[in-house]
Amino acid sequence: MADITLELSDQDIKVEIPEKLIFGRTLSNYVFEIDYDTEKGGWNNPVIKAREKMPISPAAMALHYGQAIFEGLKAFKRVDGSIAMFRPQQNIERMNNSARRLCMPEIDPELFMQALKKLVKLEEAWIPEKPGHSLYIRPVMFAYDPFLGVRPGEQYKFVIMLSPVGPYYPEGFKPVPIMVTDKYVRAASKGVGECKCAGNYAASLMAQAEAKKMGFSQVLWLDGIHQKYVEEVGTMNIFIQLKDEVVTPRLTGTILPGVTRRSVIQILKDWDYNINERDISIDEVADAYKKGSLLEIFGTGTAAVISTLSKLKYNDLTMQFSDTEAGELGKKLYKEITDIQYGRKEDKYNWMVQIS
Ligand SMILES: *Cc1c(COP(=O)(O)O)cnc(C)c1O
């Protein structure tokens, strides 16, 4: 694979990070881009260049048939002044899993890593240094060929863009109200629930919009077959703390295998919690609540890291936790993970990949 070409802009492009950052709104100046063309023998022309608008045919296949996948990870300015990413190999692997499932070409993991490092290094001035801030990294791949028949694309674009982000909860770590939906499902058995593909998010918007209207910030998703087993919360994985056990649903193919989920499982094991990946029905959760043995529920994901629940509505039952205070275990995990990310604590798992 050819080296990545660096095309520096001859324009004077500035680094301007807004005082008040809205998640996903501000993009940095440069992107990594590489093209795939079956006729040209695959991936070609890896380049880091100024971000600009991209010409796209109205017949581009991703727009019609949904071959579009993405990833999300973060880079941090650490307390010792260095820059590092959190577990990027996991995202690289997951992106390639998504690609295979959607009949899209895989990216050479080494090239992917090199692109991440080079781009973040070039754009390091875009990493905000305020507490809780970081640089969100968004790789995306989509079918680009103008063709109206249904088949896998033969031309793809893979782009990595960067976005400076602030803490997910600017007013502090605040618990959120969630409602269980049995009206919609997120993912069907043997479908694409475990892929980070664009269509999954389009399909989830209606449930979230209805939850919002009813005063909830997200929905808790149940399994697609029985509408019985807990799967995820919004676009996060879910953990349920019972009196003598912490449970997270096992990966069955309908659940997105989160990097934060995996990290939380590891930490809880090391802290000697009885952490189990198993099926857990919403009725088991409700029974535990009624018996007083449901301690806390939280979601995990790259953007927020940890998000604890203030309440969970399931039909007529509202399971009430604190409206103001985040759960103890959630808070402890948030601190542990962000301490590792910002270098306030030894990275004993070797999770951070140093950039400079
Ligand atoms: C991205 C995502 C997650 C969280 O994954 P992380 O790797 O921890 O960010 C969980 N569920 C869904 C549906 C997701 O898209």
Side-chain angles (χ1 to χ4, degrees), residues 23-24 66 68-76 85-99 101-102 112 116 134-141 160 163 165 167-168 176 178 181 184-189 191-208 211 217-224 229-240 248-268 275 277 297-309 330 333-334 336-338 340-341 349 351-353:
F23 183 88
I69 57 176
F70 68 97
E71 270 302 327
L73 65 157
K74 281 176 173 172
F76 303 84
M85 293 180 282
F86 184 68
R87 311 192 75 177
Q89 302 94 329
Q90 299 282 321
N91 299 89
I92 292 172
E93 207 178 290
R94 189 169 67 190
M95 183 117 184
N96 278 335
N97 290 342
S98 298
R101 178 63 180 83
L102 271 77
F112 197 154
L116 290 169
S134 59
L135 189 66
Y136 183 77
I137 306 171
R138 168 53 63 90
V140 66
M141 190 204 295
I160 304 174
S163 174
V165 294
Y168 205 74
V176 292
I178 301 289
T181 180
Y184 302 102
V185 296
R186 194 191 83 85
S189 174
V192 292
E194 65 186 351
C195 301
K196 251 178 148 60
C197 61
N200 284 346
Y201 303 84
S204 74
L205 295 175
M206 176 90 95
Q208 197 201 350
S217 73
Q218 266 293 358
V219 293
L220 183 152
W221 301 101
L222 298 174
D223 76 277
Y229 296 102
V230 172
E231 296 223 313
E232 297 204 52
V233 56
T235 55
M236 300 181 108
N237 295 113
I238 189 167
F239 286 76
I240 296 154
T248 191
R250 72 192 165 98
L251 302 177
T252 55
T254 53
I255 290 169
L256 199 290
V259 179
T260 321
R261 174 188 181 277
R262 199 166 171 165
S263 308
V264 163
I265 291 172
Q266 175 79 60
I267 291 169
L268 288 177
I275 162 78
E277 296 175 64
I297 303 179
F298 56 88
T300 67
T302 294
V305 187
I306 303 283
S307 186
T308 70
L309 270 60
L333 284 162
Y334 178 84
E336 181 73 10
I337 293 173
T338 53
I340 292 171
Q341 291 174 330
Y349 306 107
W351 282 343
M352 304 308 291
V353 171

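Just so you know, residue 1 is the first one in the sequence shown, and it goes up from there. Whatever order the structure lists them in is the order used to number ligands and atoms, beginning at 1.
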E277: what forms a side-chain hydrogen bond (donor to acceptor under 3.5 Å, both in side chains) with it, not counting sequence neighbours?
->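 Testing E277 for side-chain hydrogen bond (donor to acceptor under 3.5 Å, both in side chains), a comparison that skips the adjacent residues, returns R261.
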*Take the angle between the ring planes of F23 and Y168 and call it parallel below 30°, perpendicular above 60°, tilted in between.*
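It falls in the perpendicular class, over 60°.
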Review point. Around atom CZ of R138, are there more than 12 heavy atoms of other residues, nucleotides or ligands at under 6.0 Å?
Key: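 Count over threshold, so yes.
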Do F70 and Y201 make the cut of ring centroids closer than 6.0 angstrom?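 Yes, close enough.
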Next on the checklist: Rounded to the nearest 0.5 Å, what separates atom CD1 in I160 from atom CG in L116?
Outcome noted: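 One gets 4.5 Å once the value is rounded to the nearest 0.5 Å.
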To the nearest 0.5 Å, tell me how far W221 CH2 sits from I255 CD1.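 Taking CH2 in W221 and CD1 in I255, the distance rounds to 13.0 Å.
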Which protein N or O atoms sit under 3.5 Å from any N or O of ligand 1? Give each pair with its distance.
{"from": "ligand 1", "atom 1": "7 (O)", "to": "R94", "atom 2": "NH1", "distance (Å)": "2.8"}
{"from": "ligand 1", "atom 1": "7 (O)", "to": "R94", "atom 2": "NH2", "distance (Å)": "3.1"}
{"from": "ligand 1", "atom 1": "7 (O)", "to": "V259", "atom 2": "N", "distance (Å)": "2.8"}
{"from": "ligand 1", "atom 1": "8 (O)", "to": "V259", "atom 2": "N", "distance (Å)": "3.3"}
{"from": "ligand 1", "atom 1": "8 (O)", "to": "T260", "atom 2": "N", "distance (Å)": "2.9"}
{"from": "ligand 1", "atom 1": "8 (O)", "to": "T260", "atom 2": "OG1", "distance (Å)": "2.6"}
{"from": "ligand 1", "atom 1": "9 (O)", "to": "T302", "atom 2": "N", "distance (Å)": "2.9"}
{"from": "ligand 1", "atom 1": "9 (O)", "to": "T302", "atom 2": "OG1", "distance (Å)": "2.6"}
{"from": "ligand 1", "atom 1": "11 (N)", "to": "E232", "atom 2": "OE1", "distance (Å)": "2.5"}
{"from": "ligand 1", "atom 1": "11 (N)", "to": "T235", "atom 2": "O", "distance (Å)": "3.3"}
{"from": "ligand 1", "atom 1": "15 (O)", "to": "K196", "atom 2": "NZ", "distance (Å)": "2.7"}
{"from": "ligand 1", "atom 1": "15 (O)", "to": "Y201", "atom 2": "OH", "distance (Å)": "2.4"}

